[in-house]
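Order of the sequence lines fixes the chain letters, A, B, ..., with proteins taken first and strands second; residue numbering starts at 1 for each chain. Worth saying up front: this structure is predicted, and the values here are computed from it rather than measured.
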Protein chains: 2
Amino acid sequence: MAGVRAEQRERTRAVLLEVSRRLFASRGYAAVGLAELVQAAGVTKGALYHHFEGGKVDLFRAVLTGVHEKVGAVVAAAAEAETDPWDQLLAGCRAFLVAATDPAVRRIMLVDGPAVLGWSEWRAMDEAQSASHLAEALAMLVAAGVIAAQPVAPLARLLSGAMNEAALWLAETDDPNALDDVTSALFRMLGALR
Amino acid sequence: MAGVRAEQRERTRAVLLEVSRRLFASRGYAAVGLAELVQAAGVTKGALYHHFEGGKVDLFRAVLTGVHEKVGAVVAAAAEAETDPWDQLLAGCRAFLVAATDPAVRRIMLVDGPAVLGWSEWRAMDEAQSASHLAEALAMLVAAGVIAAQPVAPLARLLSGAMNEAALWLAETDDPNALDDVTSALFRMLGALR
DNA sequence: AATTTGACATACCGTTGGTATGTACACGCT
DNA sequence: AGCGTGTACATACCAACGGTATGTCAAATT
């Protein structure tokens, strides 16, 4: 089985995603032309539009989805490595900050994402991949009485925004202690909620 | 004096800024063409490039600067209306959240800004207009012993990011209590630092 | 009055994202 | 095995876009 047809299809789609991810990450969505992109991928525009009906933004959406999923998986894995709910929260937050060191995450997910797809669509993707985990963890901590009873949705949004900004800041600075500084500041804020 | 020459110059520049601010706010930077823009402003591309050497991004930069300054002024005014440093912080934060209800602020400053100008330049503008005030207020509170001694720079970044995200969320929701919910969540976080 | 300078308008250009058409080949069917 | 069909692209093309070079006319300067 497998089919040489479907196999080829998957290959071109994969290389298209991989190449565009690299280019978008290094120079930003707007600065990358389709001509350059398809040439780097070794295909033509015909192939691109065959795989991504919506053209450039559709391709970007697919790339962003991949980035989002990867980040979500890393964060979830870090959290699940801990047993105590509070430690899970801290581990997840820290893993996110580390993951956002990757330029692809920074530029594609945090900078271009909202501008290209619009904030609401970006928000929906973020919600599906990582924000939901955060809200979940917070809800569990509230239920366990670890942090004060309060609506978790707004709190999750605030924390998510704080971490996004922190991640961008981390990527730009050359201070080697920056990660620790931000992490401890974040943990101090979280700890204050107990 | 005044000069009919300089007066005319100021007029066209002003209408160009005003019109582009409106268009960028309603449909986003990428979706607005220069042709449409200059037609709506009643001038030609020649005029635009005469006033904004860098073309479209330069025009956007000028618009964004205006938005940033306005927000900064509103926030500063709200803070100065209070006397107690802690109340100043809360008032400033609340004023920011309210100010970001304006679609121009949301779309131009929070969504398109970082993508069009790059995050570092956006960050510099933000720092100059509002983030510096926040860091200042926090430093004062630390010095006064109201909140625990800690590096204020990372804390200010986290809070700034949290508020930016909260502002975007506020603008999108139709829940009338959203502003109060977010504000109280933010104040709870801030209060936990005391 | 003559000349220069500033504030635009007009005309044009290269590039871009997007599309319509062409083509070769794997695959199901008889 | 042969044949038609649909898939997976490649090629050629287009309209629109941001940007620029040049022209024009009135205000300022001398």
Side-chain angles (χ1 to χ4, degrees), chain A residues 1-24 26-64 108 112-113 115-118 121, chain B residues 1-21 23-24 26-64 108 112-113 115-118:
Chain A
M1 332 272 136
V4 54
R5 205 67 178 278
E7 184 178 302
Q8 178 68 19
R9 176 181 176 83
E10 200 52 38
R11 271 229 315 271
T12 31
R13 190 186 152 91
V15 66
L16 225 28
L17 282 174
E18 177 192 325
V19 165
S20 54
R21 179 186 146 116
R22 207 183 60 221
L23 290 175
F24 287 156
S26 64
R27 306 214 315 275
Y29 175 82
V32 177
L34 287 190
E36 172 192 10
L37 210 160
V38 296
Q39 189 180 355
V43 296
T44 64
K45 285 206 275 187
L48 197 158
Y49 278 87
H50 179 67
H51 284 279
F52 304 96
E53 208 176 335
K56 201 184 178 188
V57 311
D58 217 14
L59 172 61
F60 179 82
R61 192 190 333 265
V63 171
L64 176 53
I108 295 175
D112 282 340
V116 174
L117 299 181
E121 184 177 350
Chain B
M1 330 283 137
V4 52
R5 205 67 177 278
E7 186 178 300
Q8 179 68 18
R9 175 180 175 83
E10 201 53 37
R11 271 230 315 270
T12 24
R13 191 185 151 90
V15 66
L16 224 29
L17 282 174
E18 177 192 324
V19 165
S20 54
R21 180 185 144 116
L23 290 175
F24 287 156
S26 64
R27 306 215 313 276
Y29 175 82
V32 177
L34 287 190
E36 172 192 10
L37 210 159
V38 296
Q39 188 180 358
V43 296
T44 64
K45 284 205 277 187
L48 197 160
Y49 278 86
H50 180 67
H51 284 280
F52 304 95
E53 209 176 334
K56 200 184 177 186
V57 312
D58 217 14
L59 172 61
F60 179 81
R61 192 191 331 266
V63 171
L64 176 54
I108 295 175
D112 282 340
V116 174
L117 300 182

**Student:** In this structure, how many angstroms lie between the C1' atom of C/dC8 and the CZ atom of B/Arg11, rounded?
**Tutor:** 13 Å
**Student:** Parallel, tilted or perpendicular: which one describes the rings of A/Tyr29 and A/Phe24, with boundaries at 30° and 60°?
**Tutor:** tilted
**Student:** Taking side chain as C-beta onward, heavy atoms only, is A/Arg61 less than 4.5 Å from A/Val57?
**Tutor:** yes
**Student:** Taking B/Leu48 as the fixed residue, which of B/Leu34, B/Asp58, B/Val43 is the one that meets the side-chain contact (heavy atoms from CB on, under 4.5 Å) rule?
**Tutor:** B/Leu34
**Student:** Return whichever of B/Ala6 or B/Leu34 has its heavy-atom-nearest nucleotide of DNA chain D closer to the 5' end.
**Tutor:** B/Leu34
**Student:** Round to a whole Å and report the spacing from CZ of A/Arg9 to P of D/dG6.
**Tutor:** 16 Å
**Student:** Looking at every strand, decide which applies to B/Gly33 at a 4.0 Å heavy-atom threshold: base, sugar-phosphate, or nothing.
**Tutor:** sugar-phosphate
**Student:** Report yes if a side-chain nitrogen or oxygen of A/His51 is closer than 4.0 Å to either non-bridging phosphate oxygen (OP1 or OP2) of D/dA8; otherwise report no.
**Tutor:** no
**Student:** How many Å lie between CD on B/Glu10 and P on C/dG6, as a whole number?
**Tutor:** 16 Å
**Student:** Counting only side-chain heavy atoms from C-beta out, which of C/dA9, C/dG18, D/dT20 sits nearest to A/Lys45?
**Tutor:** C/dG18
**Student:** Please give, in whole Å, the distance from D/dG18 C1' to B/Glu36 CD?
**Tutor:** 14 Å
**Student:** Would you kindly give the CD-to-P distance between B/Glu53 and C/dG6, to the nearest whole Å?
**Tutor:** 14 Å
**Student:** I want to verify a distance call: between D/dC9, D/dA10, C/dC8, whose nearest atom is closest to the A/Gln8 side chain?
**Tutor:** D/dC9
**Student:** Using a cut-off of strictly less than 4.0 Å, decide whether B/His50 has a side-chain nitrogen or oxygen near OP1 or OP2 of C/dC8.
**Tutor:** no
**Student:** Starting from C1' on C/dG6, measure out to CZ on B/Arg13 and report it in whole angstrom.
**Tutor:** 16 Å
**Student:** Within this structure, what is the CD-to-C1' distance between B/Gln39 and C/dT10, rounded to whole angstrom?
**Tutor:** 15 Å
**Student:** Check this for me: A/Gln39, atom CD, are more than 12 non-hydrogen atoms of other residues, nucleotides or ligands nearer than 6.0 Å?
**Tutor:** no
**Student:** State whether the number of non-hydrogen atoms from other residues, nucleotides or ligands found under 6.0 Å of A/Glu121 atom CD is greater than 12.
**Tutor:** yes
**Student:** With sugar-phosphate meaning primed atoms plus P, OP1 and OP2, does B/Arg5 contact a base, only sugar-phosphate, or nothing at under 4.0 Å between heavy atoms?
**Tutor:** base
**Student:** Does B/Thr12 place a side-chain N or O at less than 4.0 Å from the phosphate oxygens OP1/OP2 of C/dA7?
**Tutor:** no
**Student:** Closest approach to the side chain of B/Tyr49, judged atom by atom: which nucleotide of D/dG19, D/dA10, C/dC8 is it?
**Tutor:** D/dG19
**Student:** Give the nucleotide from the list C/dA7, C/dG17, C/dA9 with an atom nearest to the side chain of A/Lys56.
**Tutor:** C/dG17
**Student:** Classify B/Val57 by what it touches in the nucleic acid, base, sugar-phosphate, or nothing, heavy-atom distance under 4.0 Å.
**Tutor:** nothing
